[in-house]
Structure formats: C-alpha cells, structure tokens
Amino acid sequence: MTERRTQWCAAMPADAAAIGRRHGVDGARAVLPAELGGRVLGALEVCWPHSRPPLSAPVSRQLNALAELCAHALPGTEERAAGTTEDPALPAGPARDLADGLLDPVLILRPVLDDQDQVTDFAIAYVNERFADPAGRPRAMITGMRLLTAYPLMACDGGLYEHVLRVHATGEPFRAERLALRVLVDDVSLTGLLTVGIGRHEDAVLLSWRLEDEAARMSALLEHVQRLGRIGGFQEDAVSGEILWNRHLFSLFGLPPTASPVPVERLHNHAHPDDSVAIGRFLRTLLHHRHSASTAFRLQPADGVVRHIRVVAEPVTDPAGNLLAVRGAYQDFSSQHWTEVALAATRDRLADTEQHAEERNRLALQLQRAIMPSSHAPVDIAGLHVAVRYRPAEEGHLVGGDWYDAVVLPHKKVLLAVGDVAGHGIEAATGMVVLRNALRGLAATGAGPARLLGWLNTVTHHLTEHVTATVVCGVYDPQNRVLRWARAGHPPPVLIHQSTAAALPLPGGILLGAVAEAEYEERRLSLVPGDRLLMYTDGLIERRDRSVEKSLEQLLATVGAATRGLGEHLDVLLTHARSDTDDDTCLIGIDVG
C-alpha cells in the first residue's frame with residue numbers, strides 16, 4: 001500500500017505475512033493496491049494453492065481491474081460517485097471540445113503508468129453527454145474509473161483494450177463495425193455489438209462507440225430483405241411534391257443514385273406501351289378513388305434491361321379525404337415470371353407425352369441438321385477436297401451429338417474437326433451446337449489445336465450442363481501442307497499414304513468437360529498431294545463384342561488404298577462398318593490436292 005504497486009510471490013516464504021495465509025498452504029500470492037481516484041483504499045490479495053510462474057500481461061490487467069472494482073465496493077466511495085463527474089486533471093480544451101461535438105458516445109482516456117513508465121491501464125477522465133453505458137451505469141459512476149475496472153472483460157485477448165493500447169502507442173486510428181463488447185451486469189456476462197472508433201489526441205485517447213440497438217438491427221434486416229427480394233420502397237408527398245426513394249429503387253429503375261425519382265403518375269413513361277391500360281387502371285384506383293392498388297407491368301429502365309415489376313401502393317389522406325401522400329413499393333419479380341413461364345411451358349409439353357417426345361426429337365433433328373450436311377457432294381476448301389457422311393443411330397429417336405466442321409479461318413488456314421457429345425436427344429444436340437460454335441470462335445484467334453482444346457474444355461466444364469465430349473481438332477496450313485492436330489479422348493485419324501492406311505500416333509488428351517483444367521498434346525503431320533485423311537466418330541468402330549483396338553485394326557483393313565473417289569470410298573466404309581452400339585456415325589474424308 002505504501003509503494004502502490006503489485007507484489008508477486010511465486011511461492012510464499014514460511015515467515016511471510018499474508019491476509020489469506022492458512023497452515024500448510026504456501027502457494028503463489030499476488031497483492032494489489034485497491035486504488036480509486038488517486039487514493040489507496042485497501043489491498044486485494046489473490047491466492048493460488050501451488051507455486052506458479054509470473055502472470056501473463058492480460059491476466060495482470062484483469063487483476064488490476066479487479067482491484068479497482070473492489071475499491072468501488074469499499075466504504076467511502078459513494079460520496080465520490082455522487083460528487084463531481086469531471087477529472088480535475090482534464091481541463092477544458094480541444095479534446096473535451098471534440099468529445100462534446102461528436103454525436104456518438106465518447107470516452108476520454110488518460111494513461112496510467114507504473115514506476116517504469118509502462119501503461120498499466122487508462123483512467124476514464126471524461127465522458128460526453130451522449131455516453132450510453134452497455135451495463136446501464138450513469139456517467140457519474142463511469143467518470144474517474146479505470147477502463148479495466150469499468151469493463152474488465154476488455155482485457156481478454158483480442159479485446160477492445162488491446163486496440164486502445166495500440167492506438168496510444170502508435171497514434172494510428174482504429175475503426176471497426178460490429179465489434180463485440182462483453183460487460184458484467186450482476187455477475188452475468190452480456191455481449192453487445194458496437195461500431196467503434198479510437199483515436200489519439202496529444203497524450204489522451206478518444207474512444208467512441210455506438211451500440212447496435214434493436215432499431216439498427218431491424219433496419220439492417222429490412223435492408224437485407226429488400227436486397228434479397230429486389231424490393232424498392234417509395235413515398236410521395238402530395239402537398240410539397242417531394243419524392244423519397246430508397247437506394248434499391250434506383251437500382252430497379254436502372255438509374256444512378258443522383259437521378260431524380262420517377263413520380264408514380266408518370267410511371268407509364270417508363271413502362272412497355274402494351275401495359276398502359278393496366279397502369280392507367282392502377283393510377284385511377286390509387287389517386288382518384290383513394291384506394292390501395294397494385295398491378296404488374298414491364299419496366300423499360302434506362303439501362304435497357306426489361307424487368308417484370310409489381311407495384312403496390314396506398315394513399316394517405318386526412319380526415320376530409322384529401323390526398324396527403326402516396327407510399328408503396330416496387331418488386332422485381334422477373335425471375336419468378338420467367339420461372340412461371342418455363343413451368344407453364346413444361347406443363348403444356350408434358351400434357352401429351354408422345355407429342356412432347358416428338359417435339360424434342362424434331363428440335364434435336366433441326367439442331368443436328370444445322371451441323372450435318374444435307375448434300376453428299378464433296379466441297380473444295382483451300383486446296384483440300386472434303387466429303388462427309390453421316391449415319392444416324394438404328395433407333396430413330398436416339399438423336400446423337402456427332403458433329404464436324406471444315407472452315408477457312410481469317411488467317412487463311414483451315415479448321416478441321418470431328419466431335420461426339422455424350423448422350424442422345426435435345427441435350428446432346430444442344431451441346432453439339434454449343435461446342436461447334438465455340439470452337440469456331442476460338443479458332444479465329446489463330447491459336448493452335450492444343451490451346452483450342454484447352455479453352456474448349458473450360459467452356460465445356462463451366463458453361464454447359466454436365467456435358468462431356470470427345471473431339472479431334474486440326475489446323476491445316478495450305479502454304480506448307482502441314483496439319484497441326486490434337487485430340488480430347490477421341491479415336492485417332494487414319495492417314496492413307498501411298499496405298500498404305502495407318503492410324504496416327506495418339507497425342508495425350510482427356511475428354512472435354514471431365515475436369516476444370518486440362519492440357520493437351522499437339523502433333524504435326526506433313527501431307528503431300530494424294531494423301532487421304534479420315535476423321536470419324538466412335539460409332540464407326542465401336543462394337544459390343546470387341547475392344548476398340550481390335551475394331552480399329554478391322555477399320556484399317558477395310559480402308560485399303562485410296563483408289564476410289566472420295567465420296568464412294570466413304571460410302572463403302574459406312575457399308576462395311578455397321579455399329580451395334582446405337583450410336584451415330586460421322587465420317588469426314590479429306591484429300592490433299
């Protein structure tokens with residue numbers, strides 16, 4: 001009590017005096033002065049049953065706060081709490097003027113130093129009039145207390161006290177939202193959420209906080225509900241003409257927050273012309289008959305995105321029935337509208353199962369015919385003679401996803417591709433169109449086949465619905481007759497060179513869509529006039545009773561020499577290669593001119 005500092009004993013000597021000493025107990029002791037307002041009112045002794053190492057800094061701070069809390073409970077402290085609420089050490093000045101000028105509760109904290117000039121706590125020198133204590137204590141009780149006495153749980157690791165210490169030491173301000181503050185109320189720990197700001201002014205620290213009360217939580221909840229429900233509220237004063245919109249409504253109308261709100265009576269200027277009758281009926285009910293009204297319309301906002309909107313409004317009138325204001329809300333239900341449209345269409349299609357299947361098959365055939373040629377006549381492309389044959393599956397309703405492409409690219413090279421989307425029906429046909437068009441667009445960049453398949457794999461994995469496919473892709477340069485090619489899980493092309501047919505060595509490459517990222521190997525093939533290249537889908541060689549390798553060997557034996565015309569040769573191959581796997585077959589032949 002004389003030295004006004006904590007005394008620590010790791011283990012009590014046998015001859016030492018202690019308040020709580022008992023026979024045979026010689027554990028560690030901490031004795032602290034119970035100080036309040038510069039006066040030592042008593043001492044606090046904390047005992048451990050066994051010896052222990054020195055306490056950590058957070059525990060020491062908690063003990064100091066406990067000692068000061070005990071000082072408040074000692075006799076003679078009531079007079080001080082009922083007296084002045086200001087610390088004489090804090091004269092009127094910039095810090096106090098700043099605290100009084102802020103709208104949030106503010107505490108001015110002065111550091112409490114030990115004999116080594118180390119900060120052990122902070123004294124609450126002043127609190128402004130807007131101060132609100134989370135535990136409900138008045139300003140008079142808080143002013144003059146130590147910070148850790150008033151809020152001992154601040155001393156926990158990661159608590160607010162560490163931020164106050166850091167700001168005092170560095171001078172760097174600190175701000176945080178929804179920071180938890182735990183306080184003790186009748187020995188019960190309660191947690192409040194604060195918006196906190198801490199700054200240093202000369203040697204003092206200004207701590208401001210704003211409690212997140214029920215109104216703030218409800219306001220935040222309403223904000224999230226409006227955002228999730230795509231709802232915007234409005235109110236129009238019929239007397240002054242003032243229009244109040246919340247920020248979500250500007251977004252719905254595609255307007256910047258600085259734009260002028262749209263009066264409800266001019267709503268037809270922003271709606272689809274076909275909805276003018278519904279809007280007129282809505283306005284008559286609301287503005288002339290003074291009744292609540294609602295309607296749905298198509299909004300044509302400034303950003304050009306047509307939205308389906310539902311508006312609900314009610315009039316506010318005086319006792320005489322005069323209109324004072326209109327208030328209401330707009331809701332964007334575009335997603336719900338299109339979902340209902342899709343569901344209605346689905347119900348209509350499912351009403352007749354046979355018709356539904358026929359329509360799907362017809363659509364799949366249309367998509368397929370957009371890719372497959374309707375004529376068997378060969379075509380000449382950049383010195384290449386190209387012919388294609390397509391044979392559908394044995395089952396007429398099993399429309400597959402086989403496709404091919406042969407097109408001259410902007411850089412005068414030729415894209416040659418054959419692919420097969422897994423499955424049958426509308427999904428396979430749709431995937432076929434997507435991949436073919438994507439590959440065409442990617443090939444226009446001038447990238448090589450391996451890079452093109454890597455990009456196409458990304459498209460297949462991320463931008464399609466569970467589609468997998470195999471493909472062989474080549475880029476032919478007419479200048480030097482070099483074919484660069486790569487494959488993604490597809491059977492190898494067959495080259496007929498000088499009357500000998502051989503499958504090209506396979507580069508590595510997984511099928512499209514199996515993984516998010518994949519790399520593909522690329523090969524180069526030098527062609528000469530008279531060479532014939534065959535590219536095909538697996539329907540040409542797959543058999544249930546033999547391996548793919550055996551089927552490929554049989555194909556090579558069937559191919560023979562390139563003595564026939566190209567179209568006739570492809571017809572012969574289809575005739576002798578009958579599939580038994582209910583799969584389509586696409587066969588493309590290329591003669592080098």
Partners meeting side chain to side chain contact (heavy atoms under 4.5 Å, CB included) with T258 (sequence neighbours left out): P256
Main-chain N/O of G233 paired with N246 side-chain donor or acceptor, under 3.5 Å: yes
Non-hydrogen side-chain atoms of P261 and Q235 separated by less than 4.5 Å: no
Neighbour count >12 (heavy atoms, 6.0 Å) for atom NE2, H411: yes
Check: H497 side chain, L527 main-chain N or O, donor-acceptor pair, under 3.5 Å: no
Set of side chain to side chain contact (heavy atoms under 4.5 Å, CB included) partners for S251, sequence neighbours left out: none
Side chain proximity check, L255 to V262, heavy atoms < 4.5 angstrom: yes
Min side-chain heavy-atom separation P491-I541 under 4.5 Å: yes
Donor-acceptor under 3.5 Å (N457 side chain, G454 main chain): no
Name of the residue among V467, V421, L456 meeting side-chain contact (heavy atoms from CB on, under 4.5 Å) with L512: L456
Between CG on residue L483 and CG on residue D477, distance to nearest 0.5 Å: 10.0 Å
Gap separating the CD1 atom of I588 from the CG atom of L533, nearest 0.5 angstrom: 8.5 Å
Minimum side-chain heavy-atom gap L534-L540 below 4.5 Å: no
4.5 Å side-chain heavy-atom contact, V459 and W455: no
Results of salt bridge (charged side-chain N to carboxylate O under 4.0 Å, His left out) for R175 - residues two or more places apart only: none
Derivation and outcome, side-chain contact (heavy atoms from CB on, under 4.5 Å), residues L384 and L416: CA-CA 11 Å; L384 299 178; L416 300 169; 4.2 Å; yes
Within-4.5 Å side-chain heavy-atom neighbours: Y536 and L573: no
Any pair counted as side-chain hydrogen bond (donor to acceptor under 3.5 Å, both in side chains), so long as it reaches residues 509-526, sequence neighbours left out: R484-E522
Shortest non-hydrogen contact between P273 and S276, atoms and distance: O-OG, 3.0 Å
Heavy-atom donor-acceptor pair, R307 side chain to L252 backbone, under 3.5 Å: yes
Verdict with supporting geometry, V316 and R327, side-chain contact (heavy atoms from CB on, under 4.5 Å): CA-CA 8 Å; V316 180; R327 59 193 176 197; 3.7 Å; yes
Test side-chain contact (heavy atoms from CB on, under 4.5 Å) applied to Q554 and R543, step by step: CA-CA 11 Å; Q554 183 176 357; R543 300 293 181 274; 5.6 Å; no
Partners passing ring pair (Phe, Tyr, Trp, His ring centres under 6.0 Å) against F250 (at least two apart in sequence or in another chain): W245
Min side-chain heavy-atom separation D584-T537 under 4.5 Å: no
Minimum-distance pair of heavy atoms, taken over all atoms of Y476 and R481: OH-CG, 3.2 Å
Residues that F234 engages under ring pair (Phe, Tyr, Trp, His ring centres under 6.0 Å), provided they are two or more places apart: Y330
Heavy-atom closest pair, residues F333 and A296: CZ-CB, 3.9 Å
Under the side chain to side chain contact (heavy atoms under 4.5 Å, CB included) test, residues paired with S547 that sit two or more places apart: E549, K550
Nearest-0.5 Å distance that lies between atom OG1 in T445 and atom CZ in R451: 8.5 Å
Side chain to side chain contact (heavy atoms under 4.5 Å, CB included) involving D237 - partner list, sequence neighbours excluded: V239, S240, E242
Nearest-0.5 Å distance that lies between atom CD1 in I279 and atom CG in L286: 12.5 Å
Under the ring pair (Phe, Tyr, Trp, His ring centres under 6.0 Å) test, residues paired with H163 that sit two or more places apart: F174
V326 to A313 - nearest heavy-atom pair and separation: CG1-CB, 4.2 Å
Contacts of type salt bridge (charged side-chain N to carboxylate O under 4.0 Å, His left out), residue D405, not counting sequence neighbours: R436, R440
Pairs touching residues 270-279 that satisfy salt bridge (charged side-chain N to carboxylate O under 4.0 Å, His left out), sequence neighbours left out: D275-R298
Closest approach of A406 to V386 (non-hydrogen atoms, all atoms of both residues): CB-CG1, 4.4 Å
Main-chain N/O of P507 paired with R487 side-chain donor or acceptor, under 3.5 Å: yes
side-chain hydrogen bond (donor to acceptor under 3.5 Å, both in side chains): pairs with one or both residues in residues 283-293, sequence neighbours excluded: none
Gap between atom CG of D420 and atom CH2 of W403 - 0.5 Å precision: 10.0 Å
side-chain contact (heavy atoms from CB on, under 4.5 Å) assessment of L439 paired with L415: CA-CA 9 Å; L439 182 57; L415 172 68; 4.3 Å; yes
Any donor-acceptor pair under 3.5 Å from T470 side chain to H490 backbone: no
Minimum-distance pair of heavy atoms, taken over all atoms of A503 and L552: CB-CD2, 4.0 Å
Side chain to side chain, T468 and T460, heavy atoms closer than 4.5 Å: no
Pairwise distance CZ(R389) to CG(L566) - rounded to 0.5 angstrom: 7.5 Å
